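Convention: sequence-line order gives letters A, B, ...; per-chain numbering from 1. Here the structure is a predicted model, which is why all the values come from computation and not from measurement.
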Amino acid sequence: MDFGFLDQLWVARVPLLKGLGVSISISLLSIVVGTVLGVFVGLALTYGYRPVKWLVRGYTDFIRGTPVLVLVLASYYVLSTVGIDLGPFQAGILALAVFCSSHVGELVRGALQSIPKGQTEAAKAIGLTFPQTFAYVLGPQALRQALPAWVNTAAEMVKASTLLSIIGVGELLLRTQEVISRTFMSLEFYFFAGFLYFVINYGIERFGRYVERKTAVPS
Amino acid sequence: MTYSLNFAAVWRSFDLLLQGLALSLGLAIVAILAGCVIGLVTAFGLVSKSSVLRKPAGLYVTIIRNTPILVLVLFSYFALPELGVRLGKIESFVLTLAIYSGAYLAEVFRGGLIAVPPGQREAGLAIGLTEMQIRTSIIIPLMLRNVLPSLGSTMISLFKDTSLAAAIAVPELTFEARKINVETFRVIETWIVASCLYVATCSLLAALMRAVERRLAVPR
C-alpha cells in the first residue's frame with residue numbers, strides 16, 4: 001500500500017461512507033423487523049396449538065435450510081414477478097428479516113424451554129394469570145438467556161448485509177467493488193472493507209461478551 | 001397477479017440443478033475436510049500453554065469470524081492475484097471456505113478439548129504413551145464425540161455457504177438456479193425447486209449426523 005491508496009481512499013470517501021451508512025441501516029432494519037417476527041415465531045414454537053406449532057416449525061426449518069443468498073435472490077426476483085414492486089433494498093431487508101426471524105425464533109424457544117417448570121408452577125400457585133406469568137416470571141429469565149446469543153445474531157446480520165450487494169443494493173461492499181473497478185486497487189480496498197466490517201463485528205462481539213457477563217446469574 | 005405456476009421449464013433443466021447440487025456438496029466436503037485439519041491445529045493452539053501459539057491462533061479465529069464470508073470470497077479471488085497468488089475460481093473458493101470453516105471449527109474443537117477430563121491424559125502418560133500418541137489415540141477421539149452436534153451444524157451451515165460461490169460464477173446450485181431463472185423467466189418455480197433442494201440436502205445431512213451421534217453415543 002503506497003500513498004496512492006490513501007489518495008484514492010480520499011477521492012472515494014463519499015460513496016464509501018454512504019455505503020457504510022446503507023450497510024448499517026440494512027443491519028439495523030433487518031435486526032429490528034427480524035426480532036419482532038422472531039419473538040412471535042419463538043412464542044408459537046413454544047406455546048402454540050399443535051397445528052400452529054407445525055406450521056411455524058415448517059417455516060423455521062425451511063428458512064434455516066435455505067442459504068441466505070438464495071433467500072435474498074428469491075425475495076428480489078419472486079416479489080417483482082407476482083407484482084409486488086419492491087426495490088432491491090426492501091426485498092433484501094425482507095429476506096434478511098425472515099432469515100433473522102428464524103434464528104431469533106429458535107433462540108427464544110430455547111430460552112423459554114430452558115426455564116424450569118417449577119417457575120411456571122410457582123407463578124400459578126401464587127395466582128398469576130398466564131400473561132402475568134410471562135411478563136414477570138418467564139420473560140425476564142428468557143431475556144437473560146437469549147440476550148448474548150441475540151447479540152451474536154446481530155453480528156451475523158451485519159455480515160449477511162453484504163449479500164445485498166449481489167442484488168445491487170449500494171451498501172459498503174458494492175461501493176467498494178465500484179471503487180475497485182475504477183482504481184484497480186482490489187487488494188487495498190477489499191482489505192479496507194474487510195477491516196471496516198471487522199471493526200463493527202468485533203465491537204458487537206465484545207459488547208456481547210459484556211452483556212453475557214452483566215446478565216450472568218451471580219453464583 | 002396473473003402468474004400461473006408451471007414447473008415444466010424447470011424440470012427440463014433439472015439435471016443442471018442436480019449437477020450444481022453435486023458441485024455444492026463437493027465444495028462443502030473438500031472444504032470441511034481441510035477446515036477440520038485447520039480447525040484441529042488451531043484448537044490445539046488455542047488451548048496451548050504457550051502464548052506464542054495461543055496468540056496467533058486467537059487472532060486468526062477472531063479476524064475470520066468477524067469478517068463477512070462474501071468479503072473473504074471476493075478478496076481471495078480478486079485480490080490475491082495482486083500478491084502473485086493466482087488460483088482458479090473453484091480452488092480459491094474452496095481455500096476460502098476451508099479457512100473460514102477452520103476458524104469456526106477451531107472454536108468447536110476448543111470447547112471439545114476442554115471438556116476432555118484431564119484424567120484421560122494422565123492415564124495415557126501412566127501407560128507410557130508419548131504426548132502425540134495421547135493426542136491422536138485418546139484426546140482427539142474423545143473430543144470428536146463431544147463435539148459431534150456442533151460439528152454437524154457447522155457442516156450444514158458450511159454447505160449453505162457454498163451458495164456464495166455463485167458470486168464468482170462457480171457453477172454450483174445457486175448459480176445454476178440463477179441461470180435457469182434468467183433463461184426461462186420461471187422465477188417462482190426456479191427458486192422453489194432450488195430452495196427445496198437445499199432444504200432436502202440439509203435435512204439429509206442433519207439426519208446423517210443424528211445417526212452418527214446415536215451410533216457413537218456413550219453406552220449407558
I'd like to check [X] versus [Y] (side-chain heavy atoms, cut-off strictly below 4.5 Å). Are they in contact?
{"X": "B/R186", "Y": "A/T81", "answer": "no"}
{"X": "B/F75", "Y": "A/S186", "answer": "no"}
{"X": "A/T66", "Y": "B/K160", "answer": "no"}

Give the intermediate values and the outcome of side-chain contact (heavy atoms from CB on, under 4.5 Å) for residues A/L163 and B/L164.
CA-CA 9 Å; A/L163 298 181; B/L164 291 168; 3.2 Å; yes
Supply the atom-to-atom distance B/S203 OG to A/R64 CZ, rounded to the nearest 0.5 angstrom.
11.5 Å
Find the distance between CG (A/D61) and SG (B/C202) and round it off to the nearest 0.5 Å.
10.5 Å
Could you tell me which portion of [X] (side chain, backbone, both or neither) has an atom closer than 4.5 angstrom to a non-hydrogen atom of chain B?
{"X": "A/A155", "value": "neither"}
{"X": "A/L173", "value": "side chain"}
{"X": "A/F195", "value": "neither"}
{"X": "A/S80", "value": "neither"}

Heavy atoms of other groups near A/Y210 OH, more than 12 under 6.0 Å:
no
Does a sphere of radius 6.0 Å around CZ in B/F78 hold more than 12 heavy atoms from other residues, nucleotides or ligands, not counting ones at 6.0 Å or beyond?
yes
Angle class for the B/W191/A/Y77 ring planes (parallel below 30°, perpendicular above 60°, tilted otherwise)?
parallel
Would you check, one step at a time, whether the test side-chain contact (heavy atoms from CB on, under 4.5 Å) holds for B/I69 with A/K159?
CA-CA 7 Å; B/I69 177 167; A/K159 289 192 270 177; over 6 Å; no
Which atoms form the tightest heavy-atom contact between [X] and [Y], and what is the distance?
{"X": "A/E205", "Y": "B/N66", "value": "OE1-ND2, 3.1 Å"}
{"X": "B/V71", "Y": "A/G194", "value": "CG1-CA, 3.9 Å"}
{"X": "B/E82", "Y": "A/F184", "value": "OE2-O, 3.3 Å"}
{"X": "A/L69", "Y": "B/A166", "value": "CD2-CB, 4.5 Å"}
{"X": "A/T162", "Y": "B/L70", "value": "O-CD2, 3.4 Å"}
{"X": "A/F198", "Y": "B/T62", "value": "CE1-O, 3.6 Å"}

Show the numbers, then the answer: is there a side-chain contact (heavy atoms from CB on, under 4.5 Å) between A/I166 and B/R178?
CA-CA 12 Å; A/I166 292 177; B/R178 229 180 151 183; 3.7 Å; yes
Measuring heavy-atom distances to chain A, does B/D161 have an atom under 4.5 Å in its side chain, in its backbone, in both, or in neither?
neither
Please flag which part of B/L173 lies under 4.5 Å from any non-hydrogen atom of chain A: side chain, backbone, both or neither.
neither
Intermediate values then yes/no, side-chain contact (heavy atoms from CB on, under 4.5 Å), A/N201 and B/T67:
CA-CA 7 Å; A/N201 281 315; B/T67 311; over 6 Å; no
Partner residues of B/R110 under the salt bridge (Lys or Arg N to Asp or Glu O under 4.0 Å) criterion, sequence neighbours left out
B/E107
If you count heavy-atom pairs under 4.5 Å with chain B, which of A/G65, A/S165, A/P67 comes out on top?
A/P67
